[in-house]
Amino acid sequence: MSNPVSEEARVVPLRPAPARPAAPETEPAPREPLWRDLVGEVLRTERQAQDRTLKDVADAARISLPYLSEVERGRKEASSEVLAAAAHALGLGLGDLLSRVHGELTRRTAGRRSPAAAPHRSYRGLCLAA
């Protein structure tokens with residue numbers, strides 16, 4: 001009475017296989033652009049509008065060329081000092097750069113705001129202090 005032993009391994013799952021999520025019925029809402037992507041695009045657009053090279057702007061801003069390239073591609077979160085230096089090298093103030101980025105963000109996200117994102121109404125109640 002010998003039982004032949006199988007040489008195949010037997011796998012015993014420790015957990016049930018995870019259920020696959022159902023396919024969404026509608027397309028997900030497009031994600032909001034990242035600040036670093038917008039900053040990079042504005043810097044690159046301005047540099048190209050001035051017909052200047054990365055090297056020229058990096059030298060004027062005293063930023064390494066590879067770092068400025070990464071900032072323009074949205075791969076690095078630049079400090080305010082680096083952003084100011086890059087903006088000044090392009091003949092812009094930091095406020096000008098941020099204003100252009102804000103305009104681009106507003107343009108891209110117009111019409112996507114949810115009711116919860118509506119501006120807060122001011123409180124018109126009475127406050128008494130002793």
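Source: prediction; values computed, not measured. Computed from heavy atoms alone, side chains included, the values below leave out hydrogens, waters and symmetry copies.
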Reported [atom1]-to-[atom2] distance for the pair [X] and [Y], which is rounded to 0.5 angstrom:
X	Y	atom1	atom2	result
Leu34	Glu77	CG	CD	7.5 Å
Leu54	Gln48	CG	CD	8.5 Å
Asp37	Glu72	CG	CD	12.5 Å
Leu92	Leu83	CG	CG	11.5 Å
Leu94	Ser99	CG	OG	11.0 Å
Gln50	Thr45	CD	OG1	11.5 Å

### Non-hydrogen atoms of Ala58 and Leu68 that approach each other most closely
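Between these two residues, the closest heavy atoms are N-CD2, 3.7 Å.
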### Query
Under 4.5 Å between side-chain heavy atoms, hopping through other hydrophobics if needed: is there a path connecting Val82 to Trp35?
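Yes, same cluster.
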### Message
Applying salt bridge (Lys or Arg N to Asp or Glu O under 4.0 Å), can you list everything that pairs with Glu41, at least two apart in sequence or on another chain?
### Response
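Salt bridge (Lys or Arg N to Asp or Glu O under 4.0 Å) check on Glu41 returns Arg108.
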Check whether any side-chain N or O of [X] sits under 3.5 Å from a backbone N or O of [Y] as a donor-acceptor pair, and report yes or no.
X	Y	result
Arg36	Gly74	yes
Glu32	Thr109	no
His88	Ala84	yes
Ser69	Leu65	no

### Message
Tell me if the CZ atom of Arg52 is crowded by more than 12 foreign heavy atoms within 6.0 Å.
### Response
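Counting other residues, nucleotides and ligands, CZ of Arg52 exceeds 12 neighbours.
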### Query
Can you tell if the side chain of Glu46 reaches within under 4.5 Å of the side chain of Leu97, non-hydrogen atoms only?
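Not touching, per the 4.5 Å side-chain cut-off.
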#### Entry: Under-4.0 Å salt bridge between Asp96 and Arg100
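No, no charged N to carboxylate O under 4.0 Å.
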